[in-house]
Amino acid sequence: MPIIETKHLYKHFDGVRAVDHLSVAFEKGQITSVVGPNGSGKSTLVNLLTGMIPVDGGEIVVAGSVRFTKIKSHEVKDYGITRTFQDVRLFEQMPVLDNVLVVLTERGVFASLFEKHSPYHLEKAEEVLRRVGLWGKRHELALGLSYGQRKLLEIARVLATDADTILLDEPFAGLFPEMLKVVVDICKELKVKGKTLILIEHNMDLIRELSDHIYVLDAGKLLAEGKPQSVLARRDVIEAYLGE
Amino acid sequence: MEDNKPKILSWVILLAVIIVGGFFFARTAKAPEVAGPISLGVILPLTGDGAVYGEPALNVYQLAVDEINKSGGVGGRDLVLVVEDGKCNGKDGANAAQKLVNVDKVQIIIGGICSSESLAAVPIAEAGKVALFSPGASSPDLTGRSPYFFRDYPSDASQGRVLAELAYKKGWRTVAFIQESLDYPLGIFKAFDARFSELGGKTVKEEFPTGASDFRSSIAKLQSQKPDALFVDTQAPAASVRIAKQVKELKWNPPLLVADIVVGDPKTVSENKALFEGAFGAEFGVDPNNPKFQHLLESYKQKYNAELPYQAYGQTEYDALYLVKEGIAAVGLDGQKLAAWSRTIKDWDGASGQVTIEATGDRASGHVLKIVKDGKTELYTE
Amino acid sequence: MPYVIHLLIMVSIYSILALSLNLVVGFTGLVFVAAAAFFGIGAYVTAIVMTSFGFNFFLACIVGALFSALIAFAIGAVLSKFRGDYYTLASVGFNIIIYSVFLNWQTVTRGPLGIPGIPRPSIFGLSFSDNFSFLILASLLVILVFLACRFIEQSSFGRVLRAIREDEKAVSVFGYEVLYFKLATFVVAAAFSAFAGSLYASYITFIDPSTFFVNESIFILAVVILGGLASNRGAVLGAAVLVLLPEALRFVGFPPDIAAQMRQVVYGLLLVILMMYRPQGLMGEYKL
Amino acid sequence: MDILPQLILNSLIAGSIYAILALGFNLIFSTVNFFDLSYGAVAVIGAYAVFYFSKLLGWPLFVAVPLGVLISGTIGFLLYTSVYRRLRMRRSSNTVLLVASLGVLTALQALLAIFFSSQFQTLSATSSGERLFSLFSGSITETQVIILLTAVAVLLGLAFVLKLTLFGKAVKAVGDDEEVAKIVGINTDKIIGKVFFIGSAIAGLAAILVGFDTGIEPIMGLPLLLKGVIASIVGGIGNVYGGVAGAFLLGFVENFGIWKISGEWKDAIAFAVLILFLVFRPQGIFKK
């Protein structure tokens with residue numbers, strides 16, 4: 001059963017169709033990858049799914065029943081969805097620990113005002129930070145981290161939310177091998193735990209290794225879909241990737 | 001806790017600032033002396049829009065103090081001025097008064113020139129039992145405000161009233177006002193409006209915020225209401241000049257009424273002859289034949305090489321110092337006694353004519369009508 | 001000594017203003033240039049209900065804070081739509097609009113005439129008419145506001161604010177309704193600023209619109225930035241330095257007409273130098 | 001008397017001044033993308049330079065006016081090289097640049113007040129006796145005719161430079177993406193320096209015209225700046241021509257506001273227009 005589906009989803013920027021009547025579905029408990037050349041609409045799709053930008057047409061269906069054309073970004077969490085960002089958006093001038101704690105504490109205005117982080121929150125933060133190897137840097141400001149560490153912190157933040165559906169926007173790009181392994185392992189663990197992963201990636205080897213299903217986008221349209229091995233072998237897909 | 005260091009350091013700095021500051025202020029504070037020069041507090045605007053009044057006022061004070069000291073001071077003691085900038089607003093007026101009362105320990109403060117300065121200074125002077133003597137604040141709000149406050153400049157109520165009566169006599173029934181949004185111009189308007197409506201006339205008004213420079217649309221709007229005369233009512237002469245110029249540029253030539261700050265400023269009137277020709281104003285009693293006033297004009301010119309501006313204020317400022325001198329000679333240097341003494345001033349001959357202070361602290365007597373003729377202000381007689 | 005007390009009262013008033021503005025600028029990261037508007041609303045409401053309706057100071061204080069909060073709610077709802085420089089500009093706009101109301105709504109505010117004769121506080125026969133007791137009252141309020149700000153800072157709410165300052169969109173994806181947080185902070189800051197206004201009105205006993213113009217807002221912003229963004233102690237430090245500095249200039253013997261302008265030059269250069277070399281201020285932890 | 005023709009004329013005159021201001025401001029903004037608040041002070045410096053040369057030294061206007069324009073341009077250029085370039089090289093945020101330019105504005109205005117006193121001055125030779133022209137039933141002075149013509153000339157001149165010269169293309173490239181411009185071999189620093197010079201010179205020209213029409217004072221920098229900014233945003237920030245449309249809209253709204261509401265609300269009306277636009281049409285009349 002698909003956890004998220006899009007139906008004729010449409011988005012344009014100044015007349016350019018970034019996502020063009022796209023209908024895709026992401027199965028529960030699986031890793032689905034979205035690939036395509038730069039500018040094919042992958043990140044736009046993720047931004048539409050998380051309410052970061054308004055939808056121009058079509059609809060998004062969550063858990064088979066909730067349909068909406070408008071979603072506010074702060075409501076995304078209620079559907080068990082969370083994400084990372086292609087350009088790594090951390091809370092720069094805050095310590096690493098606070099970057100994680102902020103996704104653990106109360107969401108309400110009043111509730112959060114009368115709450116300080118509890119031992120439970122701290123435990124959870126420690127768990128995820130240790131998982132990505134940043135516990136030792138918990139008091140440092142996020143902006144002082146290396147690029148790889150920043151990506152790991154973003155993954156830790158996502159882990160802390162315990163969301164069921166996780167959208168990872170280029171999680172492997174620019175990582176050194178040892179860090180890459182950590183992230184790949186985390187993806188596998190998440191799948192074992194029954195989480196749904198949506199992966200935007202360029203690393204074809206990892207996509208082959210991890211994905212259950214892939215969608216290939218080109219100019220906002222669906223070019224191909226299916227099992228990674230078969231799809232990635234298709235001539236039109238390769239051409240779209242190599243361009244021109 | 002390595003990151004606490006800068007915080008602790010800052011706390012130390014803060015503490016040091018307070019302690020050093022406190023010490024500094026405490027050291028500067030001194031007890032009232034029985035010998036040596038007598039300190040007189042002065043509050044006037046030296047910066048901002050009001051500075052145009054503050055600067056000549058300070059000159060007049062200094063002139064009078066020099067004269068008094070040359071003739072032996074008060075009981076052999078010289079007078080010195082402790083000057084603070086009240087900036088023509090309440091906050092700085094209060095700050096200035098606090099310093100004069102509590103640090104310099106003066107017994108009498110001459111000021112402020114502006115009503116806002118004075119209004120804010122009154123409670124501070126009263127709490128410190130210091131007399132507050134204003135030669136320029138004209139707000140009706142100051143009437144009877146405190147037993148420690150008095151002034152030798154009459155309340156605005158009289159300026160507006162006199163002009164309203166003139167306007168009615170001239171047969172004008174609708175007078176347009178273009179008024180700056182400040183206390184002094186508003187005070188004049190209120191007094192004028194009250195008297196004029198009582199007589200059966202009507203006012204129409206456009207206000208503008210301080211600092212505005214384009215009045216054309218306001219003027220055009222007033223013009224379209226076909227008033228019999230236009231009252232240009234601003235805090236300082238510069239704005240009146242701007243407005244009068246724009247009125248002419250719109251080819252409108254109504255009979256003009258202006259505030260005393262225009263007719264009282266020979267420079268403005270002579271430099272803008274064409275603009276203000278025939279304008280009426282009510283100035284508070286400048287009597288060119290008064291020998292003391294003549295003496296003031298001459299000494300001012302001699303000392304500062306300039307014509308005394310705002311003569312209506314100059315005369316009361318000059319008198320204020322001499323009144324203070326007499327007061328100290330009569331009852332001693334004591335704020336409470338000086339304030340009480342002020343109420344006994346009656347028909348005292350000064351540069352501004354005969355001064356009488358009423359029980360409310362206001363000066364008795366009021367404004368006389370003036371007209372601008374050929375670049376000069378003359379007494380107007382019907 | 002009374003003069004020192006006077007200065008400390010002024011420091012207290014500006015400390016409250018800086019503490020509350022720091023909630024908006026330092027913690028939430030919104031460069032708000034209309035602090036003087038809420039300062040003024042507090043002062044005007046207090047002055048009006050005390051002089052015209054004979055309210056007790058403390059009641060007037062609360063009425064002022066509520067009124068200020070109410071207006072902040074309306075303004076905040078509009079302002080929260082803006083970000084960055086547009087927020088700053090729009091806030092300047094609101095300051096000028098509110099100032100215009102003080103100046104032009106003369107039936108209520110007496111316009112440029114100002115409101116004289118505002119009484120000093122008293123309660124249960126206890127009067128705060130002398131400056132020393134007033135200083136105690138003002139200090140108590142500073143401590144109260146300081147503790148409230150620290151409480152906010154240390155709560156989860158405070159952490160969310162800082163996260164909003166860093167990346168509003170990212171926070172919202174994690175389930176926070178950013179608008180409510182911004183609005184709540186804004187309303188609280190406005191209410192605190194109104195306390196400062198009440199103290200000011202009752203202390204000086206006379207208010208007029210000129211005190212609540214944009215330049216006062218810029219001054220309060222300079223206090224916050226100098227003291228340190230996102231630092232409550234920094235706010236108090238900034239208030240102490242910038243209130244005492246010009247007073248010290250009085251004693252140095254600058255000619256008074258130049259001294260006032262020199263002060264403006266010093267504020268201006270201070271802002272430039274801080275931005276160039278220490279954009280987080282003296283004790284701040286956050287750089288603009 | 002029919003007030004309408006006069007009101008339209010007044011709106012056009014005010015709009016022309018705002019248009020010149022907006023052209024310069026928008027040129028700078030569209031290239032560097034931050035709000036340069038010192039723009040207002042730079043403008044007033046030009047007017048004071050003319051005042052100094054023509055009124056105090058007695059030089060003829062055809063020397064004094066171009067010199068004033070040049071001085072404004074030079075000051076703008078120097079501010080860029082000494083303050084803004086350094087901050088931009090450090091990748092400071094727009095807010096830092098905004099606060100720094102606010103500091104520059106405050107300091108420069110105060111310096112002007114120290115050198116020339118804070119009093120109001122006029123640049124025109126005599127306070128009366130200017131030639132008057134009649135149009136329908138409204139009247140307009142010679143200076144005001146010059147203002148209208150200058151606005152048109154500046155607009156056409158700037159359009160020519162931006163559309164048809166290599167420099168204009170480089171300016172557009174820098175404004176679109178500074179990094180890309182650098183890569184294709186444009187000396188972006190030099191271009192931005194020139195833009196600051198030209199924009200500031202235009203600002204100076206506007207202030208000089210105001211000085212001839214009504215007069216100058218040191219604190220007019222802030223209102224001039226704000227009018228330029230409002231016109232730019234309303235017209236479409238970053239769109240050099242949009243600012244002109246915004247300027248005339250602002251001129252008309254202000255002057256008709258005086259007619260229908262009242263003069264004392266003029267500034268409040270201007271900002272209400274700004275806020276309405278920011279809320280309902282943030283991209284302005286014309287998009288960039």
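Residue numbering restarts at 1 for every chain, and letters A, B, ... go by the order of the sequence lines.
For the pair Arg278(C) (side chain) and Gly281(C) (backbone), a donor-acceptor distance under 3.5 Å is present.
Comparing Ala184(C), Gly175(C), Ala230(C) by heavy-atom pairs within less than 4.5 Å of chain A, the highest count is held by Gly175(C). Most heavy-atom pairs under 4.5 Å with chain C, from the set Lys77(A), Met52(A), Arg107(A), Arg83(A): that is Arg107(A). Of all the listed residues (Glu106(A), Glu75(A), Lys72(A), Arg89(A)), the one sharing the greatest number of non-hydrogen pairs under 4.5 Å with chain C is Arg89(A). Put simply, of Val171(C), Val160(C), Ile164(C), the one with the most heavy-atom pairs under 4.5 Å next to chain A is Val171(C).
Asp85(C) is linked by a side-chain contact (heavy atoms from CB on, under 4.5 Å) to Phe35(D), Asn94(D), Thr95(D), Leu98(D), counting only residues two or more places apart in sequence or in another chain. Glu115(A) pairs by the salt bridge (Lys or Arg N to Asp or Glu O under 4.0 Å) definition with nothing, not counting sequence neighbours.
With respect to Phe186(C), the ring-ring contact (aromatic ring centres under 6.0 Å, His included) criterion is satisfied by exactly one of Phe94(C), Phe38(C), Phe73(C), Phe27(C): Phe38(C).
For chain C, the nearby part of Phe85(A) is the side chain; its heavy atoms alone come within less than 4.5 Å. Of the atoms belonging to Asp98(A), heavy atoms from both backbone and side chain fall under 4.5 Å from chain C. Neither the backbone nor the side chain of Leu141(A) comes within contact range of chain C; no heavy atom of the residue lies under 4.5 Å from a heavy atom of that chain.
In this structure, OH in Tyr147(A) is found 11.5 Å from CE in Met179(A), a value given to the nearest 0.5 Å.
Here Arg157(A) pairs with Glu154(A) in a salt bridge; the nearest charged N to carboxylate O distance falls below 4.0 Å.
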